[in-house]
Amino acid sequence: MLEAENLECIRGERRLFHGVGFRLEAGELLFLQGRNGAGKTSLLRMLCGLSLPESGEIRWKGEPIRKLSDDFRSDLCYLGHLNAIKEELTPLENLLSSARLAGETLSDDDALDALEQVGLLGREDLACRYLSQGQKRRVALARLVPERRPLWILDEPFVALDVNAVAWLAGLIGAHLQRGGLAVMTTHQPVDIPAGQIRELRLGA
Amino acid sequence: MYWNSFSDFLAMGGYGFYVWGSFGVTALVMVLEPLLITRRRRATESRLTRQIRAEARQEHA
Amino acid sequence: MSMINWFKFSAPSTFYPLAGRLIPVFWALFAILALAGLWVGFFVAPTDFQQGEGYRIIFIHVGASWMSMFTYLVMAFWAGMGLAFNTRLSGMMASALAPTGALFAFISLWTGALWGKPMWGAWWVWDARLTSELILLFLYIGFIALTHAIDDTRRADKAGAILALVGVVNVPIIYFSVKWWNTLHQGASVSLTKAPAMASIMLWGMLLCALAMWMYSLAVALMRVRVIILERERHTDWVKELLAKRSQ
Amino acid sequence: MLQIVSYTIARDLRLALRRPADLVSVLFFFIIVASLFPLGVGPEADLLRQLAPGVLWVGALLATMLSLPRLFADDHRDGTLEQLALSPNPLGLMVLGKVIAHWLVSGLPLALLAPVLGLQFDLPADALWVLTFSILLGTPALSGIGAIGAGLTLGLRGGGVLLSLLVLPLYIPVLIFGAGAVDATVSGLGPGAHLSLLAALTIGGVAFAPWAAAAALKIALE
């Protein structure tokens, strides 16, 4: 269960938002809306514990995340604007490496299965720098397939995806919610998630 | 008292250049530094006052 | 003062007027101590049989060296406080002290050179203390360069804090290694540490000059920190009121 | 605990070997710097022999510093650094892994190359051995301290120059004891004391620097 209480963020000398709070239960998805520059990404990074809020507090399972640190991060999966893949490594190596660095164990065929779901089977041994931008994005999303950690924080996951990729990802998030997972997400185009409770939070109204 | 005249004091037993070079530069630094800070303070104050006045005008407009 | 209200002064808005009242006090103390120090240095301390009048440079050379070292330690203290308690004022104090510390390091090198020239015939002497002073100046310049290279003031303070703490751990190591290097290569023949026999009156002269420099650095640092507070807190209401009052 | 460090080392080594250009540029920089000096000061053997420890050590030091910005910059640019910071494993351990990987790709080859360059400076055999060993022993500290500088200047414009300004003063003790060890051998004093102090600096550097670098990274990622 993720809880946030009157969060305030100051970027440079400007105050982006203040008094932001919400509660998110298992199986719920929080849609974060707001125009560009309203601080959506800053709020997401705060929820991950990457940056400190000016004031206010974030609690995961009732405990403030600053105190939890390692345990909180073992429940968290963050997907930012950047793909977080190494251009020199192949998609397969990237998946295995990001799982290993996140302290998860991932077998080869699970990784191959994930690559197959994103339609990259056959290219798993090609260095990522030869892939197109869309394919690289799919390698980044393939990380979510075997992902079993309860809290997903996704920063505009649907950007640069074609129609069936959007549907596939929506289904993936729905399955995650059904498993009792939580998700906080920002997105520009409207997407319907097949399962789970949808909540909305508007920033800088 | 070791100096019988002011010029003797300036000569500083032949080391005048070095002694007054040291004390002079130290004094110079101790005068310039506060001056620079005051100049920076005045510049900041006027810049901020202009900004506040501009913001105030924007709110009314 | 108990810990709680000590924190009251750690808020920029309450610290600003306090600093304003303290600055003239420190300037006054500086004036008194400086006059006393110069009086002892020039009119009370005897002529040195070996170095004649030239040794009087020692009064400000040693004072400046002490102050450059002491200011770096104070900077590292404020840096540590800033990282530990996340108070904004500590970072501002560290940034306010750095230029003054750097200037003291420069003065120490300058007076060291002007003292070395008549005594040992060379502007620059690879003496252990002078070399360490030069490296300390590099550390100051590194701190100032880093804090100015980062736009976001919060990140600048924290990055500067880490550099200051890493630096303060390394200063003794650097001094020890330079001293080892100096005695190894040159033997202790040429070294500023062998100042003339310290008559107690000379010690008094040096102490007074050092205290005067301390008061000076406090006054100047507080002046600079007030400007930094204005620059960084410009969006707060108390700064706007202050400026509104000031511009009438 | 050791597992995550060894895995990070393996990952970084694989990345470095996939792009050998960086490794080669570090080595060639060292060769060129070392070869410039005889052209500058003249070919007299005894003068070169006297200069050799300082020149070779400064060359190795600058070569190590050359490859420091890439320690975190690539991971920062493609977003993997964020994932490292968000991993349940302590960031300090992963930075330790990266520092060791950086040493394997810079310090180690430089040490193996140094005796060859030492021949250019007509160093006697025992001095060549001590030179190699002192560079081998000292460069991990350079990588460790350099990681702090790389973390502090991450993402800053003009970061490379600023990095060297921050890091060079901290490199001086390593340089003094490293070059001093070779000099002591040439002058017959024996490098024992220098090498033990160098080892102390390296142990201190590799033990503490990664945690300070991790703190610097966390600040840079805010």
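What's counted below: heavy atoms across the whole structure, side chains too, no hydrogens, waters or symmetry copies. Each chain gets a letter, A, B and so on, in the order its sequence line appears, and its residues count up from 1.
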For the CD1 atom of A:I198 and the CZ atom of A:F31, what is their distance to the nearest 0.5 Å?
6.0 Å
Is the number of heavy atoms from other residues, nucleotides or ligands under 6.0 Å of D:Q3 CD greater than 12?
no
Part of residues 108-121 of chain D lying next to chain A, heavy-atom separation under 4.5 Å
none
Do A:H176 side-chain atoms and A:L182 backbone N/O form a donor-acceptor pair below 3.5 Å?
yes
If I take atom CD from residue D:E82 and atom OH from residue A:Y78, how far apart are they, to the nearest 0.5 angstrom?
5.0 Å
Considering all heavy atoms of both residues, which atom of D:G138 and which atom of D:W57 are nearest to each other, and what is their separation?
CA-CH2, 3.9 Å
Heavy-atom distances under 4.5 Å only: say whether D:I4 touches chain A with side chain, backbone, both or neither.
side chain
Looking only at atom types and distance, does a side-chain atom of A:E28 sit under 3.5 Å from a main-chain N or O of A:E25, one as donor and one as acceptor?
yes
Quick one: do A:K40 and A:D155 make a salt bridge, cutoff under 4.0 Å?
no
Part of A:L76 lying under 4.5 Å from any heavy atom of chain D:
side chain
Can you measure from CD (A:E116) to CG (A:L121) and round to the nearest 0.5 angstrom?
5.0 Å
Under a 3.5 Å cutoff, is there a donor and acceptor pairing between the side chains of D:S25 and D:D22?
no
Say you draw a straight line from OG of D:S35 to CZ of D:F30; how long is it, rounded to the nearest 0.5 Å?
9.5 Å
Taking side chain as everything from C-beta outward and backbone as N, CA, C, O, which of these in D:L221 sits under 4.5 Å from a heavy atom of chain A? Side chain, backbone, both or neither.
both
Pairs of heavy atoms under 4.5 Å with chain D: top-ranked of A:H81, A:E87, A:E93:
A:E93
Top contributor to chain A contacts, counting heavy-atom pairs under 4.5 Å, from D:N89, D:T8, D:D78, D:D74:
D:D78
With chain D, the option among A:R100, A:R45, A:M46 that has the most non-hydrogen atom pairs under 4.5 Å is A:R100
Around atom CZ of A:R123, are there more than 12 heavy atoms of other residues, nucleotides or ligands at under 6.0 Å?
no
Taking side-chain contact (heavy atoms from CB on, under 4.5 Å) as the test, write out the residues that go with A:A111, two or more places apart.
A:L92, A:L95, A:L96, A:L106
Report which part of A:L52 has an atom under 4.5 Å of a heavy atom belonging to chain D: side chain, backbone, both, or neither.
both
Pair A:S55, A:E8: side-chain N/O donor-acceptor within cut-off below 3.5 Å
yes
So, D:H102 and D:S67: side-chain donor and acceptor under 3.5 Å apart, yes or no?
yes
Heavy atoms of other groups near A:H18 NE2, more than 12 under 6.0 Å
no
If the contact rule is any heavy atom under 4.5 Å from chain D, which residues of residues 132-149 of chain A qualify, in numerical order?
A:R143
Tell me the residues of residues 63-75 of chain A whose non-hydrogen atoms fall below 4.5 Å from those of chain D, in number order.
A:D70, A:R73, A:S74
Thinking salt bridges, do D:R14 and A:E88 make one under a 4.0 Å N-O criterion?
no
